[in-house]
Amino acid sequence: AIVFVATTKSHLALGRSNFHLFGGWGLAAVSFLAVILAALFLSPRRASWVIAGVVLMELVLLAPRGVYGEQSDPFPQTAWASFLQREAARDHGRVYSAQDLLYPNTAGVYGLGDHRMVDALYVERYFTYLQRFVVPTIVDRFTSDTAANIEENPMFNLLGVRYLIARTGSAEPSSQYRLAFEAQSVRVYENTEAFPRAFVVHEVVGVADQRDASRFLSSDEERFPDGTVNVTGKDLSRTAVIEVGENAALDLRRCPEREASRARISAFSPTNVRIRVQSRCPGLLVLSDAYYPGWTATVNGAEERIYPTDLALRGVRVPAGESVVEFRYRPSSFRIGLVLMIMGLVGVAVLILGDVRSRRLRKTRTSNGAGAESTPARGRDEVRG
């Protein structure tokens, strides 16, 4: 009632929109009398229903009006989005926009892969990778930072970012980016130096841990003006640095031909990735997705270790010939949670069955006790008779 009185034709502002709250002495009196009369003349159960109705009326009448605009589709099927969907379905290339055209979560709605999606989980490895090699000014999610080094940067190309989206009239990128599509004041450029989403290398450098991997990639390399390391002295299409631990090693024989191996993604989902590999000699399959605990890998059905590769990516050893590599996300936390859930359900079932059984026993004892008391009474009546 006090709120109704205080909001008599009051004018409030919410963000950039204004609205009027609907109130007044009349509504205040109605709500006040309804509650008082219900409490005095109705049973508690009925009074509670009346009071609940008054509260609901207040919520409806005090709801903001004129705040939000008309409903519209926030994800329209534009011509450039359709183009990217067709191309991404063919080569699984990632997309990136340094402007507000496409954000990571929006890319997911369109079924597009954005290399910035993984930092929503604050994966420490990936965050370090971005800070050291792409955008040193990042302090939170890598959304639309125009200061990112995306030109002539092998570490950016390693992420498999094949398409750059920009508005018509914005600064033209370097010759590394070829104009592939233009419509609705939007241009889509193809990164001609982007790495495939999955590829095979035959030269591997083993290090102990993440710090050593970062040190190896940064050693003897030039830097961009902002301090970002520009890894140009190492051919990342042939060589990968993996973390094998203190006393482990990975032996791979060099292939004599540069194009001796091929990798093709045959199935992709957020929790499953299947890749078909053809290699003339043993190698390391590199998948430019973030290394993260919980992922498992099989090669031709046999379980295989996933190595942290190039600081933030995944690597799996593959044999010579044809092989099928499958990545699955099966974290131990899920298995533990599943076991606990089953134990909880079993425990609840035991408690319910125990309660039902105890009720039946009490009922049986009660009925037997009543029958025992009635038997002597019938005997005395028969004696009197």
Side-chain angles (χ1 to χ4, degrees), residues 38-39 42-56 58-60 63 104-109 111 113-114 116-128 140-141 209-210 243 245 248 265-275 287 289-309 312-316 324-375:
L42 297 179
S43 64
R45 181 182 296 273
R46 293 182 178 179
S48 64
W49 282 105
V50 173
I51 295 173
V54 172
V55 172
L56 182 61
E58 292 175 345
L59 292 176
V60 172
N105 299 342
T106 311
V109 174
D114 193 305
R116 300 167 294 175
M117 285 180 178
V118 294
D119 67 357
L121 296 174
Y122 291 92
V123 179
E124 191 268 341
R125 287 179 174 273
Y126 189 77
F127 207 74
T128 302
D140 200 342
R141 293 191 60 194
D209 52 24
Q210 177 182 340
E243 300 166 32
I265 298 178
S266 58
F268 186 90
S269 73
T271 56
N272 286 81
V273 182
R274 186 183 300 112
I275 305 172
L287 177 65
D289 284 6
Y291 177 87
Y292 194 74
W295 281 97
T296 62
T298 58
V299 179
N300 295 329
E303 187 173 352
E304 188 68 33
R305 177 182 175 182
I306 301 178
Y307 293 94
T309 303
L313 310 181
R314 304 179 208 159
V316 173
V324 177
V325 181
E326 189 162 2
F327 292 88
R328 295 186 180 91
Y329 186 61
R330 300 291 185 271
S332 58
S333 58
F334 175 79
R335 294 192 294 270
I336 295 173
L338 184 62
V339 171
L340 293 176
M341 182 191 71
I342 294 175
M343 293 174 60
L345 292 176
V346 172
V348 171
V350 170
L351 291 175
I352 293 175
L353 292 176
D355 182 68
V356 171
R357 183 179 180 184
S358 63
R359 288 175 182 270
R360 290 180 178 177
L361 289 175
R362 287 197 299 267
K363 186 176 180 180
T364 302
R365 290 172 183 174
T366 303
S367 61
N368 291 339
E373 292 178 357
S374 61
T375 300

All N/O donor-acceptor pairs, side-chain side in residues 340-360, below 3.5 Å, sequence neighbours left out:
| unit_1 | atom_1 | unit_2 | atom_2 | d |
| --- | --- | --- | --- | --- |
| Asp355 | OD2 | Arg359 | NE | 2.9 |
| Ser358 | OG | Gly354 | O | 3.3 |
| Ser358 | OG | Asp355 | O | 2.7 |

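Counting only residues at least two apart or in different chains, salt bridge (charged side-chain N to carboxylate O under 4.0 Å, His left out) contacts with residues 325-343 comprise Arg274-Glu326, Glu326-Arg328.
Between the CZ atom in Phe334 and the OH atom in Tyr329 there is a gap of 11.0 Å [rounded to 0.5 Å]. The structure places CG of Leu287 at 6.0 Å from CD1 of Ile265, a figure rounded to the nearest 0.5 Å. To the nearest 0.5 Å, atom CD1 of residue Ile51 and atom CG of residue Leu56 are 14.0 Å apart.
Minimum interatomic distance between Arg45 and Trp49 (heavy atoms only, all atoms of both residues): O-CD1, 3.1 Å. When all heavy atoms are compared, the tightest approach of Ala47 to Ala38 is CB-O, 3.3 Å. Minimum heavy-atom separation, Glu243 to Gln210: OE1-N, 3.2 Å. Between Asp114 and Ala107, the closest heavy-atom pair is CB-CB, 3.9 Å.
Ring-plane geometry between Phe327 and Trp295 is classed as perpendicular, the angle between the planes exceeding 60 degrees on a 0 to 90 degree scale with a lower cut at 30.
Looking at Arg314, its side chain does come within 3.5 Å of a backbone N or O of Ala290 through a donor-acceptor pair. In this structure a side-chain-to-backbone donor-acceptor pair under 3.5 Å is missing from Ser333 to Pro331.
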Practice problem: Go through the steps for Val50 and Arg46 under the test side-chain contact (heavy atoms from CB on, under 4.5 Å), then give the verdict. | Solution: CA-CA 6 Å; Val50 173; Arg46 293 182 178 179; 5.6 Å; no

